[in-house]
Structures are given as structure tokens and as C-alpha cells.
There are 2 protein chains.
Amino acid sequence: MTNEEPAPFVAGWTLEDEAGTVSVAASTRALITALRRADAPTESLERAAALIDEATSLLEPHRVDGTPMQGRLGDRGPIGAQANEPRVFFPWSPIIGPLNPLSADVEFNVVDGRTTGRAFLGAQYNGPPGMVHGGIIALLFDELLGATNVCNGLGGFTGTLSIRYERPTWIERELQLESWVDRVEGRKVFTVGTISIDGEVTARAEGIFIMTQGWKPEEK
Amino acid sequence: MTNEEPAPFVAGWTLEDEAGTVSVAASTRALITALRRADAPTESLERAAALIDEATSLLEPHRVDGTPMQGRLGDRGPIGAQANEPRVFFPWSPIIGPLNPLSADVEFNVVDGRTTGRAFLGAQYNGPPGMVHGGIIALLFDELLGATNVCNGLGGFTGTLSIRYERPTWIERELQLESWVDRVEGRKVFTVGTISIDGEVTARAEGIFIMTQGWKPEEK
């Protein structure tokens, strides 16, 4: 070991084995990806189901009860924002969370309050032929706009979300993401965003979010 | 075997083993559910990851290429609607599809053109504390409204989707779903829907969908 070696990344999710849990989520994501395209014979399917059931039985005894949120497992552990790291403060997010196998290959980067990012969505997120499901696009936007708010100290609940689908958003293509806060009116935060392919917008969203904390009357 | 015994349900998805593939998807869904709440020790996590990876390696050789859609695996197999059975015509849907482990415990029933249904969403669909993620609500609505259109012979692409979040939609609670076509203007179909808990609306949606087939000029 040398001084140059970086310290292992520890997000502080208070899991017994953080990296090991991320790894099981990644394996599960790969399983979902393979299953979406598979037309397998009975023997392979029966063996696969038995292996998966055995994995599940190893995890079930370690269930943590309580009220979960995408930033926390149950009633214990830290909540919330480590600014500029959406995947760290939403680790169980169903679209960006490394601990949730529902999530996709998505990255958000927040610089000077503006979020850019990328996503690559496989066939499990498919709707119309070769295209990302409209509802998955909405899920991606809700998280993108919400993370932009959190990173600007304006986190809150989604009040309304409006999406306009302008062109096909293809699966298995690199998507470019952008989001920024348009304006704040009292406790309402108006946040917008786009998804593009090769620089051409395929979908755009506007959300009105209701701030739950950090609301300052002087912002009225 | 007697004459009273019902014939096994065959949806006609042209998979080598339809019921076996549904079963692997169900096992994977149970794994996701267990993982979302798990704080497991390293030994269990390592063993679980190895089992899952082995299951994946059994499926990967049986990959079908081509352009998938939520109604079809690749370029072969039937497309589309068997009216009143949304889970049959969207079997790979990421929210209602029995062949997609991303999907949840959701049922749609279409009677006289109006859709009712129910859903129960576990912690893997979680956003704010104890609540369903706003983007998952949007995904559920997009499919609910879209299925209503298909069952009315008005299937098409989502043009815009607007959601209003009025009260908390809780995870691990029974949700009631409703959707109906409000009106048709040329190729535009205006479809609305609600999610309720104990009869009280928690979220409502309006979508404008663009018909891609079955458009009749006399509907103008």
C-alpha cells in the first residue's frame, strides 16, 4: 500500500457491508437485463429460478423494518443530502440508486446549480418499439429535477410534473440530460429539464415542487 | 383429468417456455423486494451475488436480438392487443408486465371502456419517507392511461403527460386505480386517471396521446 492509493469510497449508508450490497444490486440488475431478452428452455429457467430463490432466502433474514425512503433503509441511518452527489443521497432510488436493482445506468453531475448527466437504458425500460417507455422517461425526469432542487438547497415534494414527448427516446442509446431551476415563488420551485440524443431534445419536463425545508420567507 | 379442468392459460408470446419465464421473473421480483430491505453480512452477500451471477449465465446464451417493445421480445412473435387484458398485450411492461421483474403487483380491468384496477407497491418503488416515488406514480399513470386507450381501439404514443400529486401515495398499501377517455379530437386522445387510497384521490393525471393506427377521419 502506498500513500498514493485512494481511500475506499464509503458513502456512510450505515449498512453492514455497503460495497457488498451494491454488488448484489449490480448482479441483480445484470440478471434483469439478461432475462428481458431471453427465450430460454425449461431446464435453464428452472435452474435459474432455484438459484434466485436461494439468493433471496439468504437476504430475507436480514430485513430491516421501519419507514424507508430513497435516502434511508429503515428508521435508522443518516438522511439526506451530500450536495452534488445525487446517487449518494438517494442510494435506494428506483432510477439512480446503486443499492436498487430497478435503477439504470444514469449519472447526474451538478455544477454551479445546473445539472447535466447521461443515461443508457436497456430493453427492460422499453415501451414502444425500440423506445424508452414514456413512464420511465417521467421517472427519470422526476429524479433529475428533484436532485437539481436538492443540490440547490431547494429540496421538496413533487407538486405537479408535466412532460412533453417530442421525438423518440431510444433504448440502448446514450441520452444527454439537463436540468435547472427556472424560478422560485414562495415555497414553489419551478424546475425544468430535457433529454436529448445527439444534441436534439427528445423530451422535456417542467415540475413544480413544494419545499419542505430550508424555505426562507425572504425568497417570497 | 376431467372435462371440468380449465385449459392452461397460454398467452401466445411465442416463448419456448412462457410459464417458466414468468416464474423466473417472479423469483427475480422477490429477490428485488428482499434486497431493498436487507442489511446482510458479507458472507450472505457474496454467496447471493454468486448465485445470481450463475442464474444470469444460464439466461445470457438464449438472448433474442432485434427491436423489442413491451408487447414483443424481438423481431418475432405477435404484436399487440388482446382487448381487456393489458398484462397480456404488454407482457414486458416495466410496471404491469409478468415477464418483466421491474413490474409491480398491478392489475387493470377494463369494462365498457373504463379501466379500474389496483396496485400494491413495495419499498423498491419508494421515494419520500414511506411514499411511492413520484416518478413511479407517473410510470403507473402512463401505463394505465395508455392501456385504457388500447382497450378502446385508440392506442398511440404519449404526447404529453401531466400529473398532479395531491396527497401522499403510500408504499405497502392497496391503491385504487381509475382511468377513462375524456375526449378525442382528431388524432389526439385526451385520457385521464386517478390513484386513490381508501377512496380518497392521492394523485391524478391527464395525458394527450397521439393515435398511430385505427384513426378514423369521422372521429374528427
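Below, read A as the first sequence line, B as the second, and so on, with proteins coming before strands; counting in each chain starts at 1. Remember, it's a predicted structure, so these values are computed and weren't measured experimentally.
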* CD (B:Glu43) with more than 12 external heavy atoms under 6.0 Å -> no
* Structure fact -> Counting heavy-atom pairs under 4.5 angstrom with chain B, the leader among A:Ile32, A:Leu99, A:Thr33 is A:Ile32
* Under a 4.5 Å heavy-atom cut-off, does chain B meet the side chain of A:Phe90, its backbone, both or neither? -> neither
* Against chain B, work out which of A:Ala205, A:Gly20, A:Pro129, A:Ala49 has the most heavy-atom pairs shorter than 4.5 Å and name it. => A:Pro129
* Structure fact -> Closest non-hydrogen contact found for A:Met211 with A:Val189 is CG-CG2, 3.7 Å
* If you tally heavy-atom pairs under 4.5 Å against chain A, which of B:Ala25, B:Ala40, B:Pro68, B:Ala50 wins? -> B:Pro68
* **Test item: A:Val201 and A:Glu166 side chains (from C-beta on) under 4.5 Å apart, heavy atoms** => yes
* Sort out for me which of A:Leu102, A:Ile136, A:Thr67 touches chain B most, counting heavy-atom pairs under 4.5 Å. => A:Leu102
* So which of A:Arg164, A:Glu172, A:Glu60, A:His133 has the biggest tally of heavy-atom pairs under 4.5 Å with chain B? -> A:His133
* To do: Kindly determine whether B:Glu143 and B:Ser93 satisfy side chain to side chain donor-acceptor pair (under 3.5 Å), including the steps that lead there.
  => CA-CA 8 Å; B:Glu143 198 73 331; B:Ser93 160; 2.6 Å; yes
* Quick one: pull up CE in B:Met131 and OG1 in A:Thr158 and give me the separation to the nearest 0.5 Å. => 11.0 Å
* Which one, B:Ala123, B:Ala138, B:Gly127, leads in non-hydrogen pairs under 4.5 Å with chain A? -> B:Gly127
* Which atoms of A:Ile171 come close to chain B, meaning under 4.5 Å heavy atom to heavy atom: side chain ones, backbone ones, both, or neither? -> side chain
* To do: Determine the option with the most heavy-atom pairs under 4.5 angstrom with chain A, choosing from B:Asp65, B:Leu140, B:Leu35.
  => B:Leu35
* Donor-acceptor contact below 3.5 Å, side chain B:Glu178 vs main chain B:Ile195 -> no
* Which bit of A:Gln124 comes within less than 4.5 Å of chain B, counting heavy atoms only: side chain, backbone, both or neither? -> both
* Check whether more than 12 heavy atoms from other residues, nucleotides or ligands sit under 6.0 Å from atom CZ of B:Arg63, and answer yes or no. => yes
* To do: Scan side-chain atoms only and decide if A:Glu206 and A:Thr191 contain a donor-acceptor pair under the 3.5 Å cut-off.
  => no
* Structure fact -> One option among A:Ile52, A:Asn126, A:Thr160 has the most heavy-atom pairs under 4.5 Å with chain B, and it is A:Asn126
* Structure fact -> Greatest number of non-hydrogen atom pairs under 4.5 angstrom with chain A, of B:Leu45, B:Thr21, B:Thr42, B:Ile208, falls to B:Leu45
* Asked: Which of the residues A:Arg47, A:Gln70, A:Arg37, A:Glu16 is involved in the greatest number of heavy-atom pairs with chain B at under 4.5 angstrom?
  -> A:Arg37
